[in-house]
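Model, not experiment: these values are computed from the prediction.
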Amino acid sequence: RKIERWDPVTGEITPVNVYEQGDETYTLPVSLEPEGAAFYVFSKAKKANNITKIEKEGKILTEGNSPFTIGASKVFVRDKELEVLEGGEYYLTLENGNEINIKASLTKNVVNIEGPWQITFQEKPLLGEPFSSTFNELKSWTESEKHRIKYFSGTALYKNSFHIENNDMSKNRAYLNLGKVGDIATVKLNGEEVGIYWKAPYISDITDYLKEGKNILEVSVTNLWVNRLIGDEKLPPEERKTETNLRNIEGRYSFERFAQPDGDKYLRYSGLMGPVNVQYSIICNMPD
């Protein structure tokens with residue numbers, strides 16, 4: 001049998017190389033992010049000498065079949081490679097009983113991308129003029145003391161840079177982790193779009209976009225409409241730019257609730273909250 005993992009969000013298909021075959025069953029480790037899902041497709045193929053068990057420091061790992069971009073795994077078996085996020089000694093047991101011993105040593109440290117962050121809040125013409133701000137630390141817009149930031153709904157562009165001293169990626173891959181985001185993020189690195197991310201974890205493979213020296217990171221974040229509705233209710237009627245016909249529906253969020261003095265309790269966290277970092281994996285070749 002041939003087994004493949006299909007991600008319903010990204011559409012990515014990756015091989016499943018870690019499993020144990022019984023008489024009429026297959027047992028395989030499955031790693032999922034919170035509220036995650038995946039499809040596993042079985043098809044006829046020539047029997048492979050698959051991996052049945054991975055151990056590290058005497059502990060059996062329940063990982064191996066999920067790419068690092070889902071954020072729930074620290075071990076991933078490619079076709080002839082073992083990719084890991086932590087150094088150490090790994091023992092792989094094959095279907096035929098043979099064992100493979102791999103010593104992985106991480107040579108690159110995590111790069112934390114700190115402030116200040118330059119942010120442009122991109123207002124639509126009917127809602128107001130675009131404006132800029134600087135965040136020394138990442139936080140939700142709702143924590144700001146400025147009305148137009150606290151109650152902003154729309155898209156804001158974050159800009160920052162970081163340095164890579166040695167960009168030799170022959171044995172490594174690099175992953176950008178945005179941390180907490182509310183709600184949709186579009187990532188650009190050095191002017192090239194890496195991808196659009198609409199659910200946690202906000203992790204992207206940036207190996208092919210990195211360069212040695214200075215790297216320019218741009219993250220556009222779009223939140224939901226509720227914060228602007230709440231904020232506009234605090235303004236005089238002639239200054240409000242938004243309105244809604246949403247009314248109370250079986251106790252759910254409603255326009256009436258947003259307009260109450262305690263309406264701020266319905267604000268939704270928004271923006272890029274981080275922490276933002278670049279983490280490296282190491283890829284080890286497995287003998288035939």
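Evaluation of the side-chain contact (heavy atoms from CB on, under 4.5 Å) rule for Lys108 yields Asn166, Met169, Asn172, Tyr280 as partners, not counting sequence neighbours. Residues satisfying the ring pair (Phe, Tyr, Trp, His ring centres under 6.0 Å) criterion with Phe68, sequence neighbours excluded, are Tyr175. Applying the side chain to side chain donor-acceptor pair (under 3.5 Å) test to Tyr158 and every residue at least two apart in sequence or in another chain returns Trp141. Annotation: ring pair (Phe, Tyr, Trp, His ring centres under 6.0 Å) contacts of Phe76 (sequence neighbours excluded): none. Under the rule for a side-chain contact (heavy atoms from CB on, under 4.5 Å), the partners of Glu95 that lie at least two apart in sequence or sit in another chain are Lys47, Asn49, Asn50, Thr52. Qualifying side chain to side chain donor-acceptor pair (under 3.5 Å) partners for Glu81, counting only residues two or more places apart in sequence or in other chains: none. Under the ring pair (Phe, Tyr, Trp, His ring centres under 6.0 Å) criterion, Phe42 pairs with Tyr26, not counting sequence neighbours. Remark: Trp225 pairs with no residue by the ring pair (Phe, Tyr, Trp, His ring centres under 6.0 Å) rule, at least two apart or across chains. For Asp7, the side-chain contact (heavy atoms from CB on, under 4.5 Å) test picks out Arg5, Val9, Thr10, Ile70, with sequence neighbours left out. Under the rule for a side chain to side chain donor-acceptor pair (under 3.5 Å), the partners of Arg78 that lie at least two apart in sequence or sit in another chain are Glu83.
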All N/O donor-acceptor pairs, side-chain side in residues 268-279, below 3.5 Å, sequence neighbours left out:
unit_1, atom_1, unit_2, atom_2, d
Arg268, NE, Asp183, OD1, 3.4
Arg268, NE, Asp183, OD2, 2.8
Arg268, NH2, Asp183, OD2, 2.6
Ser270, OG, Asn223, ND2, 3.0
Ser270, OG, Asn227, ND2, 3.1
Ser270, OG, Arg268, O, 2.8

Under 3.5 Å, sequence neighbours excluded: what are the donor-acceptor pairs made by side chains of residues 110-131?
unit_1, atom_1, unit_2, atom_2, d
Gln118, OE1, Thr134, OG1, 3.0
Glu123, OE2, Arg228, NH1, 3.3

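Two residues are said to be in side-chain contact when any heavy atoms from C-beta on lie closer than 4.5 Å; Leu176 and Leu217 meet this criterion.
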